[in-house]
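Counting starts at 1 for both ligands and their atoms, following the listed order.
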Amino acid sequence: MESCDPRPLVAILGSGALARFWAWALNGCPLWVVGQAAPPYHVHFQGHTDSIRPPFYHWQQPIAKAPDVVVLVTKWRQLSRARDWILQWAPQSLVVSLMNGMGQEEALAPIPPDHMAIGVTTAAATREDATAQDLAISVQSLGQTFLPDRGESNLRVLQKARPDLIQLVDADEIASRRWQKLIFNSVINPLSALADCANGELPQHPLWALSRPLLAESRRIAEAAGQCLPADVESRLQHLVQETAGNVSSMLQDVRHGYSTEIGAINGYLVHRANQLGIPAPLNEALTRLIEKLAP
Ligand SMILES: NC(=O)C1=CN([C@@H]2O[C@H](COP(=O)(O)OP(=O)(O)OC[C@H]3O[C@@H](n4cnc5c(N)ncnc54)[C@H](OP(=O)(O)O)[C@@H]3O)[C@@H](O)[C@H]2O)C=CC1
Ligand SMILES: CC(C)(CO)C(=O)C(=O)O
């Protein structure tokens, strides 16, 4: 029998920290997770632990029904597999990406741009798997999640499910928020990966001396690309570092596990845009090379 639930069916692609975060945050909504690490997931937040067991499919498993919305929260190294899954199982679904970095639209081709809603989140969760059977995350910050408001009713329903977490904003606001997040990641992620420390320890580390010139360089690139960043971007960066103080950045987690990182979509993207615009990006280029050497 057809379901008459008016809420969209959500497929969360990926079974890592952010995927588990959204499975927890949207618990109670019709959703399932697609990935390699099957539930239950234990979610530690503010001294409490919730255990959730969302319906789950392995990547290669056939699904019963196409989802209305796909929430894309894999790492860049797994993006082509996620794209192929969407093309096979959910070609008409709305794809909401909350991945860090830029260039998803190009990387997800041939999925049409009007099937994509690229958003951005400042939520922070760390994967803390004890064993392959004991999967957990620690939520450091609920953050804010911005999605484009293009009149899609499915996104409005999702926003109403978690109005405390999700905001629908116009295209200019999304672009500005994405650039801000890109710039924050371009500073916090490679510096924490090189310093091998949690975000909150960074300001005391000698490598943090690079943060100001790096921020200035990235800001020049953003402005040359037509993005006017808020005047207080530096204090916003410091605030994010404090808010995610206990977090091991996603880039440092990758380096520690010996996985390739998302540097190409973060600092590498800034270098690419700087080259297109004919302006220098020596710090972003140096950091990209250092991280690529650390985690090829
Ligand atoms: N974590 C965070 O706080 C934030 C992350 N992001 C972004 O979200 C995206 C996803 O990041 P995140 O969720 O942190 O990535 P993770 O490193 O936690 O997970 C990445 C992938 O690792 C695989 N995986 C999960 N569990 C295991 C396991 N037990 N053993 C081996 N592999 C496992 C999953 O693969 P599979 O897909 O096959 O299931 C998963 O998609 C990235 O673009 C990131 O930059 C953005 C904001 C905050
Ligand atoms: C906000 C931040 C820096 C939290 O660690 C993040 O997005 C990441 O780790 O990739």
Which atoms from ligand 2 have a heavy atom of [X] less than 4.0 Å away?
X	result
S249	5 (O), 9 (O)
S250	8 (C), 9 (O), 10 (O)
K181	1 (C), 7 (O)

Min side-chain heavy-atom separation [X]-[Y] under 4.5 Å:
X	Y	value
W24	V139	yes
V73	F21	no
P39	I52	no

Grouping ILVMFWY residues whenever side-chain heavy atoms fall under 4.5 Å, the cluster of I63 otherwise contains L9, L13, W32, V34, Y57, W59, V70, L72, W76, L79, W85, I86, L87, W89, V95, M99, L108, I111, M116, I118
So for N185 against ligand 2, with non-hydrogen atoms under 4.0 Å, the contacting part is side chain
So for N189 against ligand 2, with non-hydrogen atoms under 4.0 Å, the contacting part is side chain
Could you check whether R7 pairs with D68 (Lys NZ or Arg NE/NH1/NH2 to Asp/Glu carboxylate O, under 4.0 Å)?
no
By chain and number, the residues contacting ligand 1 below 4.0 angstrom (heavy atoms only) are G14, S15, G16, A17, L18, R20, G35, Q36, A37, W59, V73, T74, K75, Q78, R81, L98, M99, N100, T121, A123, A124, A125, R127, D129, L135, K181, S250, Y259, E262
### Query
Taking atom CZ of R212 as the centre, does the number of heavy atoms from other residues, nucleotides or ligands within less than 6.0 Å exceed 12?
no
Min over D254, N247, T126, V248 of heavy-atom distance to atom 4 (C) of ligand 2 lands on N247
Contacts satisfying side-chain hydrogen bond (donor to acceptor under 3.5 Å, both in side chains) that involve residues 224-233 (not counting sequence neighbours) are D232-R236
The complete set of salt bridge (Lys or Arg N to Asp or Glu O under 4.0 Å) pairs with one or both residues in residues 95-123, sequence neighbours excluded, reads E105-R178
(Q) For a quick check under 3.5 Å, do R156 and Q159 share a side-chain donor-acceptor pair by atom type? (A) no
